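First the proteins, then the strands, lettered A, B, ... as listed; each starts at 1. Quick caveat, the model's predicted, so the values are computed rather than measured.
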4 protein chains.
Amino acid sequence: MPGVADAQRIPAPFKLASRAFRKRSSVIRIGDVAIGGDSVVLMAGPCTIESEEQLVRTAEAVASAGARVLRGGAFKPRTSPYSFQGLGEEGLKLIRRVADAYGLLVISEVMDRSQIAMMVPYVDIFQVGARNMQNFTLLRDLGKVERAVMVKRGLSATVDESLMSAEYVMSGGNEQVMVCERGVRGYETYTRNTLDLNAVAVAKALSHLPVIADPSHAVGVRDKIVPLARASIAAGADGLLLEVHHDPERAICDGPQSLFPEQFAALAEQLRLIASAVGRGL
Amino acid sequence: MPGVADAQRIPAPFKLASRAFRKRSSVIRIGDVAIGGDSVVLMAGPCTIESEEQLVRTAEAVASAGARVLRGGAFKPRTSPYSFQGLGEEGLKLIRRVADAYGLLVISEVMDRSQIAMMVPYVDIFQVGARNMQNFTLLRDLGKVERAVMVKRGLSATVDESLMSAEYVMSGGNEQVMVCERGVRGYETYTRNTLDLNAVAVAKALSHLPVIADPSHAVGVRDKIVPLARASIAAGADGLLLEVHHDPERAICDGPQSLFPEQFAALAEQLRLIASAVGRGL
Amino acid sequence: MPGVADAQRIPAPFKLASRAFRKRSSVIRIGDVAIGGDSVVLMAGPCTIESEEQLVRTAEAVASAGARVLRGGAFKPRTSPYSFQGLGEEGLKLIRRVADAYGLLVISEVMDRSQIAMMVPYVDIFQVGARNMQNFTLLRDLGKVERAVMVKRGLSATVDESLMSAEYVMSGGNEQVMVCERGVRGYETYTRNTLDLNAVAVAKALSHLPVIADPSHAVGVRDKIVPLARASIAAGADGLLLEVHHDPERAICDGPQSLFPEQFAALAEQLRLIASAVGRGL
Amino acid sequence: MPGVADAQRIPAPFKLASRAFRKRSSVIRIGDVAIGGDSVVLMAGPCTIESEEQLVRTAEAVASAGARVLRGGAFKPRTSPYSFQGLGEEGLKLIRRVADAYGLLVISEVMDRSQIAMMVPYVDIFQVGARNMQNFTLLRDLGKVERAVMVKRGLSATVDESLMSAEYVMSGGNEQVMVCERGVRGYETYTRNTLDLNAVAVAKALSHLPVIADPSHAVGVRDKIVPLARASIAAGADGLLLEVHHDPERAICDGPQSLFPEQFAALAEQLRLIASAVGRGL
């Protein structure tokens, strides 16, 4: 009776996403940014887009510290129907304008296939959230889009399942795909989730796709995010997704896990040294 | 530093779904079937709709053993993009016709909001799968539909999160909502997932909504599904969702976890006694 | 790279504990009590032995409701070194005397091999706690004792590991061994642990040893323990270990998970019906 | 009904082990080695002591690459009673002699209080394994010994529980205590367990005790251990426990997770750079 769980996993291997298919690590090039290449890439910004002032001040801080991509949600997958649901297209216009002003790319979350066409003009990277990792209709449609896609790992997805979700996008013809480790659900209550860096090492071995880490959601507590961000790069992640807010105390969401701008700048300095220890730049 | 995870849970309580809001357990009435009432309800059928012969033979078997609802998927959320994805609308036409012939209701999975309108004529209960439990755009749209909705618990969702997903549907105006325990992901490889009957007891205490259990997906091995089905009713579940196939060896999917028709009939006899031990009928 | 975890499990199969070794289910006979036979066995009593009055009143209540074994700890494995650690040998003398007066057997926890010889005159069943499931020196020494042994499953042990711990005892020559499901650690905070009834079904299939369930520790909240106790018997458990206290509000430990005597009596009535539904007595 | 699990955690806080009790990080000094100080400490060697040749060749390799402590088990906690159980005192004599020859300290696992007195002459650090993390009689007796103690975290222990086990030792008078993260049990089968670096960051914040990481047991696959070892130091661990074998293919146990000597040497070079990035030496 060996391994029902395994047996059910084996008949569904990924193809296009595997290292067997492509030996060399894939590099996603967007403008002058290369994800998965010699340098690790920092993506930073607020949880949710709130205002122009917020975006400008945060973008200025993260750009000057070395970030290349501005993050910010316009559609928020909130556990409660009564929570703030995001600014929608207005928010996307804002983030595009601010990102351009600071020479940054834009990554933002898409929650449903019906939002894709509207979002295309504003974003460089579509983010598929952990809750939608197996929203297969969404993944299929992202396979037809000329934009990069970052698929976040579900709260208790295996690495295989994560890569199969990437495969859904790739099977539609879009090769600009990366996956993102953002923590698995555990029993510890001091932190939000458990950052799983085993998964980063495993995904890098199984697949040629870039692997990003999101210690902000995985840890959920500002002062613990910093060491885990360092650990992610030391473990071989190709980039980080980090929540930074110019004024975390007043953030609409995820304030406790948003880094202060000066924390982010100090962290970036450490990351530069760690990247160098593993033969990479920042 | 007590409980980050908890802190993040507390600001999002459910309202319409809670027992504080409605003391008496809700009963969902569809035709002459009452879900959440004095009798437990059996929903049974194949994983995926394959053919008329399959549906007829399975429906005949489960109806005569006491099932009231026929299950069968027309859109299958498959981990791999290369697996069979379901018969679509043709499948729904088939299951509706067969269910009507045997006096059964139809439950079938919806994977995307774009499928809702097409499915309405064919189904009595929309099933939201575990992978879509937090597909909030889908949940919102199901709040506007005149059909019952069963929301399956995500692979590592908390009971609160499950009930919040029900709340999304209810907040749109649809009160015909039930939740379904279908196992949490664990480390044991002898079974597919771990059926969590604690969650059934907790959900019944927190909410007035009917709670269904799906031991087929939670266990994944035919001979272990039978004892867990009994346990679910003993724990207070209002009904069961069970995979039954007239010829499991030839099933397109989930064969090893499909009960033989005679197994289902024998199980139904035991369930009748257990239901009676907890003061209910079948 | 398939299944490191599995690969590490496979080289360590159990022998004496397996159904391959002995097809028929083992029955442990102690006096006129048979564990693993036609009737399910109730073991009930307080978490910790506190006083003669406590034991007498609780023993009277559980015996009259149908329990055959009195539980009570004299050595308590407490997470904190500053918590009450148990009455020791004085407690064991008390529980032996009270159990004899009510025709009950005694089960009590042994924490270290150095306690075994002293405990032998007082207990009928040595309980090995979840925290000591892989205290192999203790298990080995219990293999030499003429007393039954109940090995509780560790907080995140696999079924194989549980049965391997039973095998340790059996390999020393003691065949009077049973295992006990007491919940696995999960992320849900409404309950203490997650009762895993999949594991009961799996253990019954893999092994001929009796399988007991302990919903008290697995659930931790009185009103949820009752449905889970019913579910355990419906799933095929050979008996239950339940915490009952004549005055839970004043219990030194585990008060919130101790049943009131009248709750236990009502539960026993339901269990009789459920046992009968699965072809057994109580 | 907020947080049963938490409620049961709160009444058992640690005292001596907490940062509230001692603000400055504790440094354990043994000879000229300081654990928890400015430099991170490498502890390396085979899983189990096999022969003089094995120890000499491994010790030579790890000492020349910068390790300060030689690891090697003389008593092995094996899941199966039929597996190799270790060389016992003969093994301890061997490791002491070899360690002295290379200027290394000795760390070795104690499985039972009855082994303590015999082991004292041979070891500098008593290792308490994950399976014995809550063997409270063992912990208590280690509180009376003039040797350092490293308590490994149980497979699904919380950080609080880990620190409470350290507290057991400290409450007996022994302040030379460190804790060790060695992975939690997860559902992923590509690796043995899941290294939890959140826990390292949390433990460093809650306690003044040194925190060691054991990526070998947490990951279980040689080529994935290297990146996780780097990540552990980047996350703030005070040292690493690593399995190294001069000839892993022929190791009696844990061969697939034993590093080759040259792998260890290359890793040590990277660790030196990462330690420097976080303001420490090696």
Side-chain angles (χ1 to χ4, degrees), chain B residues 3 5-6 9-10 153 156-162 183-206 213 215 218-221 223-237 267 269-279, chain C residues 3 5-6 9-10 153 156-162 183-206 213 215 218-221 223-237 267 269-279:
Chain B
D6 276 352
R9 196 181 67 194
I10 289 164
R153 180 187 184 193
S156 65
T158 62
V159 176
D160 277 0
E161 289 167 346
S162 253
V184 290
R185 181 151 259 169
Y187 53 81
E188 181 61 70
T189 55
Y190 280 119
T191 50
R192 186 170 179 168
N193 296 124
T194 302
L195 185 68
D196 177 6
L197 295 177
N198 281 27
V200 170
V202 169
K204 291 297 294 178
L206 293 176
V219 181
V221 194
D223 66 310
K224 315 286 185 307
I225 291 168
V226 169
L228 275 300
R230 296 190 310 241
S232 301
I233 298 303
L267 170 60
E269 281 316 296
Q270 290 186 308
L271 294 177
R272 210 176 296 276
L273 297 171
I274 292 172
S276 151
V278 297
Chain C
D6 276 352
R9 194 182 68 192
I10 289 163
R153 182 185 183 195
S156 66
T158 62
V159 175
D160 276 359
E161 288 167 347
S162 254
V184 291
R185 180 152 260 168
Y187 53 81
E188 181 60 71
T189 55
Y190 280 119
T191 50
R192 184 171 180 168
N193 296 121
T194 303
L195 185 68
D196 177 5
L197 294 177
N198 280 27
V200 170
V202 170
K204 291 298 294 178
L206 293 177
V219 182
V221 194
D223 66 313
K224 313 285 185 308
I225 291 168
V226 169
L228 275 298
R230 296 190 309 241
S232 301
I233 297 303
L267 170 61
E269 280 318 296
Q270 290 186 307
L271 294 176
R272 209 176 298 276
L273 297 171
I274 292 172
S276 150
V278 296

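Nearest heavy-atom pair across B:Ala235 and C:Ala231 is CB-CB, 3.9 Å. Scanning both residues, B:Gln270 and C:Val278, for their nearest heavy atoms gives NE2-CA, 4.1 Å. What you find for B:Ala234 and C:Arg230 is that their closest heavy atoms are O-NE, 2.8 Å. The shortest heavy-atom contact between C:Val159 and B:Glu188 is N-OE1, 2.9 Å.
In this structure, no portion of B:Ser232 lies under 4.5 Å from any heavy atom of chain C. In this structure, no portion of B:Ala199 lies under 4.5 Å from any heavy atom of chain C. For a residue to count as touching a neighbouring chain, one of its non-hydrogen atoms must lie under 4.5 Å from one of that chain's; by this rule C:Leu197 touches chain B with backbone and side chain alike. Of the two parts of B:Ala157, only the backbone, made up of N, CA, C and O, holds a non-hydrogen atom closer than 4.5 Å to a non-hydrogen atom of chain C.
The greatest number of non-hydrogen atom pairs below 4.5 Å with chain C, out of B:Leu228, B:Ile233, B:Ile225, is found for B:Leu228.
When the side chain to side chain contact (heavy atoms under 4.5 Å, CB included) test is applied to B:Arg272, the partners found at least two apart in sequence or on another chain are B:Glu269, B:Leu282. Residues meeting the side chain to side chain contact (heavy atoms under 4.5 Å, CB included) test with B:Thr194, sequence neighbours left out: B:Val184, C:Asp196.
If you take OG1 on C:Thr189 and CG on B:Asp160, they are separated by 7.5 Å, rounding to the nearest 0.5 Å.
In summary, the side chains of C:Tyr190 and B:Asn198 do not present any donor paired with an acceptor at a separation below 3.5 Å, with no hydrogens or angles considered.
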